[in-house]
Amino acid sequence: MSIGEKWQKKWKESKIFEANVDSREKFYTTVAFPYPNSPFHLGHGRTYVTADIYARYMRMKGYNVLFPMGFHYTGTPIITMADDVAKGEKEVIDIFKNIYEIPDQVIPKLSDPLFMANYFKDDIKKAMDEMGLSIDWRREFTTIDPEFSSFIVWQFNTLQKRGFVVKDTHPVGWCPVHHLPVGMHDTKGDMEPDIGEYTLIFFESKSGYLPAATLRPETIFGVVAIWVNPKEKYVIAEVKGRKVILSERSAFKLTFQIDNIKVLEKISGSELTKITAINPVTGDTIPILGADFVDVNTATGIVMSVPAHAPFDYFYLKKVSSSIRPIAVVQVDGYNEFPAVELVEKSNPKNDTDLKKLTEQLYRIEYNKGRMRKDAIERSKEEFRSELGSVIGISVPEARKSITDFLISHGLGDKIYEIMNKPVYCRCGNEVVVKILKDQWFLDYGNPEWKALVRKLVSKMRLVPDEVRKDFEYSIEWLQKRACARTRGLGTPLPWDKKWIIESLSDSTIYMAYYTIAHKIKAYKLRASQMTFDFWDYVLLGKGDINDISKLTGISIDVLQQLRSEFMYWYPLDMRHSGSDLIPNHLSFFIFNHAAIFPEDLWPRGIAVNGLVLYEGKKMSKSLRNIIPLRKTIRIYGPDVIRITLSSLSDMGSEANFTDAAAKSVMDSLKRFYEIASSISSFNGNELGFAEKWLMSRLNSSIKQSISLMDNMRFRDANNLILFGLLSDVNEYMEMVKAEGRDPNGSILRDFVIAWTRLLAPFAPHIAEEVWNALGNSGFVSVSRWPNYDESNIDLKLELEHEYHKEIIDDIRSILNVYKGNPKIATIYVANTSEHTLLMDALKTTAGGGTLKTFMSSHRPKNKEEAKELQDIFEYATEMSDSKKKLLLLGVDEEVLLKEGLPLIKYKTGLDIEVQKYSDEIMRKYKKESFPLRPSIVLS
RNA sequence: GCGGGGAUGCCCGAGCUAGGUCAAAGGGGGCGGACUGAGGCUCCGCUGGUGUAGACCUGCGUGGGUUCAAGUCCCACUCCCCGCACCA
């Protein structure tokens, strides 16, 4: 059995992570629960480990820590994926089989969604245990447990009562064949259908209205023709009581958006080109022209031609007719009155791809810099002129909005939805269309009262790292109505309209409250039917009369009280951990729903967000086939290595790059820690010299620093300090002792290792327990206290002195570097008191904002040499490091200091060292100056 | 387009919210050495260029600017990554 398994088992047996209400201060933390549609990969581990490190740290700080876990079954991906398995979809099966190494006999069973969810839940749970997460598993649940459903029903009833649920229509991507909404998971190539709006403008003709579809309705004044595709089929249909002409395909697609479309007759595109149309805004009569580039599958298949501002239009119009003149609508600085003409003539596009690029370019320029021309607006019909006058001179985006409103309000236009990134195909092979869902239920995140509460909540919240605050503020302002129910998937039916299932991002917003009593619900075997609206109102909001509720539900008063006090002990949630990708949705919804349901004193206090995980510098993806199962890496490296590599090698807010090299180096460091810990009994020294004092100082100052780093979740810095930093300190200590030719001090090292083990425990709990136990400590390091530091052991001066010694060594080495020959002795000339006085004076001058001039004038050099010396010392003073200044201010006898470091300097340089006082003679002989803490060194 | 975040030495990556201690932390890789039966363990040294003395030169996306002094501040530009809704 590995060290990992050994301690995981012991933790479980001793129940140390099962948190119960007691008199201690509590700390309640959660992580977004997993969605079990596949096993965990490396990327999943990061958030959980990060939360666990903090949970373990807080536990060691003496808090009563609750870290529960549940599983999210709600939604469609599990169903879709099970379907894929059932259909024998190659890619999915290949991933399960070859990446996650799921046994052959299991794979067919995964075609049952519930089997899949349970199977992966178990696998994920194992992964969590194998990572050493300090979870209280008694509170585990899934979101389709009837007990949990009763909680969600209560949540939605409450939201409904408070007026935060509204009914509205909503466009979705839709498969016209199996009549279901399609999201990213349901499309070929996982394409998210991007739904956009086209404006329709009704041009009159003798055969009916031509609804030209455009993204730029403001260019209506510059329309010189209508394009249709002469090779395609069109129909005349009755739409909203109006006779319109549109492509056959369009008529079909629009049935999903508009009721009662009646196709009256068919007409070919070429036939259409024989008639003319009338611009409803200007009254101009314009030709209908044929063009192959018109795609009848996009919008209505009727396109208006604006050659002044659309490169396509100008390019093709030029080919068909030379008599039509462009009409300018938008003025842009740096272009002539017909920007599209100018662009096409200048860059001479060869094909549609070139034209597309020009279109995008012009579109952007006009959108950002364009202004509406007066002459264009004045082309409108007399009756509209005064109303449209307001758009003269305004920007394109503004004009677009008001002209669209104008068109619709005058019955001259309409809006339709279209898939903008078309074609998008459903997995069944049919092209996705836009469907308007009627009677859809929404959570009204746009509600101003609600938003105001949320703003308040966020402003009081602790966010780690704080940079994500902007993201939250942005996303909260941006959120509007959000559909909260779906037609299919696992989950809880909407209580007042049971054909809808509450969708997954809506039933996962306040479930942290459920954990606080989940174990009691199980222990008392409460049934969902007992957990009524009144029950939840009492337990979570303290509403209602406990006697009545007890009678109504058949739950004893004692149990009800217990549940209420459990909840009130743990709530509010202190910290929520999640990936940064969930900021605009889940985490924001979490905030919104808490604000809506709970009183202010129960609002969550903090969110910690981490970036994603890369593997060897690349994003993990199916297509790259570089998905690394988490459990596999734990088998290879052990849990402690994985924990540190995922969570503590990069800053929390930035992405973490998992590389095998990094994991290996963490593994080596942990091994080294273990070796040192196991060998301390063999060290027999007992001297308490400079080296020991230095080591103790390093330890104590590291402990001191660790506290603020851990408090702020700066795990990268903390780990650098604790794992890598203390390791190199021990090495340094060993060298120092070796230089003095003596044995390391065993008892000092023992104290050091004991503290070190505690510091390491949140990061590498398994190896920490092992060492803790081997050193003869009772109990678990996991529930021991974070080490205290003794301020009196922190000797800044001593540490600075050691720095000084190392600098002397570096200096000698850099001279050796360029020295030709074999020197035996380094003579170090230490500055004398007069230089010391001068330097102090120079420092005083610079500190007071004085310059070289001030300094000179107060010293009045007698000759050139003296002036040079003064100047040098002043320059030295200005560029002196802070640590040297400190050392100088602490007051040192440099000669004594040097002698203290002699063994180390000799050992490291391999030279004999002589220390002498500096004199002018040295200056004459070697042309070298000595400054305090910067002695001159002469090799010979 | 909107919003957020980046661009640092062979590679990865700190530092840039308080400008000087920055040729620039820490890794990795490479080179050399110690230990060893051996080492893929560990430890030590070197790893921009030049240099017979701890120095100098070049340098932190590009171009300007502020300053005695800029990787760090200001302006402009180029490029890259992430999110943008009913999907967990």
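Chain identifiers are assigned alphabetically (A, B, ...) following the order of the sequence lines, protein sequences preceding nucleic acid strands; residue numbering begins at 1 within each chain.
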Could you grab the distance from atom CZ of A:F715 to atom CD1 of A:I722, nearest 0.5 Å is fine?
-> 10.0 Å

Spacing of A:K738 atom NZ and A:Y733 atom OH [to the nearest 0.5 Å] = 14.0 Å

Closest listed nucleotide, where the reference is the side chain of [X] and the choices are [options]:
X: A:I937; options: B:G54, B:A88, B:G28; value: B:G54
X: A:Y474; options: B:C2, B:C87, B:A53; value: B:C2
X: A:Q480; options: B:C12, B:A85, B:C87; value: B:A85
X: A:K470; options: B:A88, B:G5, B:A53; value: B:G5
X: A:T76; options: B:A25, B:G54, B:C87; value: B:C87
X: A:K908; options: B:C44, B:A88, B:G28; value: B:C44
X: A:R482; options: B:G54, B:C82, B:A85; value: B:A85
X: A:E735; options: B:G4, B:C43, B:G54; value: B:C43

Interatomic distance at [atom1], [N] relative to [M], whole Å:
N: B:G40; M: B:A24; atom1: C1'; answer: 32 Å
N: B:U8; M: B:A70; atom1: C1'; answer: 14 Å
N: B:G3; M: B:A55; atom1: C1'; answer: 50 Å
N: B:G37; M: B:C31; atom1: P; answer: 24 Å
N: B:A53; M: B:C79; atom1: C1'; answer: 45 Å
N: B:G1; M: B:A76; atom1: P; answer: 16 Å
N: B:U67; M: B:G19; atom1: P; answer: 16 Å
N: B:U21; M: B:U78; atom1: C1'; answer: 34 Å

G-U wobble or Watson-Crick pairing nucleotide for [N] (cut-off 3.5 Å, both distances):
N: B:A34; answer: B:U42
N: B:G29; answer: B:U47
N: B:U72; answer: none
N: B:G15; answer: B:U8
N: B:U66; answer: none
N: B:A53; answer: none
N: B:G83; answer: B:C2

A:F33/A:Y511 aromatic ring centres below 6.0 Å =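 Between A:F33 and A:Y511, the centre distance is under 6.0 Å.
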
Side chains of A:R716 and A:S650, donor plus acceptor under 3.5 Å = no

Decide whether A:H586 and A:D581 meet the rule of one side-chain donor and one side-chain acceptor closer than 3.5 Å.
->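 Per modelled atom types, A:H586 and A:D581 side chains form no pair under 3.5 Å.
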
With a 4.5 Å heavy-atom cut-off, do A:W500 and A:Q440 have their side chains touching?
->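 Result yes, sub-4.5 Å side-chain heavy-atom pair found.
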
Compare all side-chain heavy atoms of A:L215 with those of A:R400 and state whether any distance is below 4.5 angstrom.
->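 Counting from C-beta outward, A:L215 and A:R400 never come under 4.5 Å.
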
When A:D717 and A:K619 are each assigned the nearest nucleotide of RNA chain B, the 5'-most assignment goes to A:D717

Toward the 5' end of RNA chain B, which comes first, A:N731 or A:V818, by nearest nucleotide?
->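 Here A:N731 is the residue nearer the 5' end.
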
Counting any heavy atom closer than 4.0 Å, what does A:P935 reach on the DNA or RNA strands: base, sugar-phosphate only, or nothing?
-> base

Quick one: label A:S580 by what it contacts on the DNA or RNA (base, sugar-phosphate, nothing), any heavy atom closer than 4.0 Å.
-> nothing

Going by modelled atom types, is there a donor-acceptor pair between the base of B:G54 and the side chain of A:R813 at under 3.5 Å?
->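 Answer is no: no donor-acceptor pair is held.
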
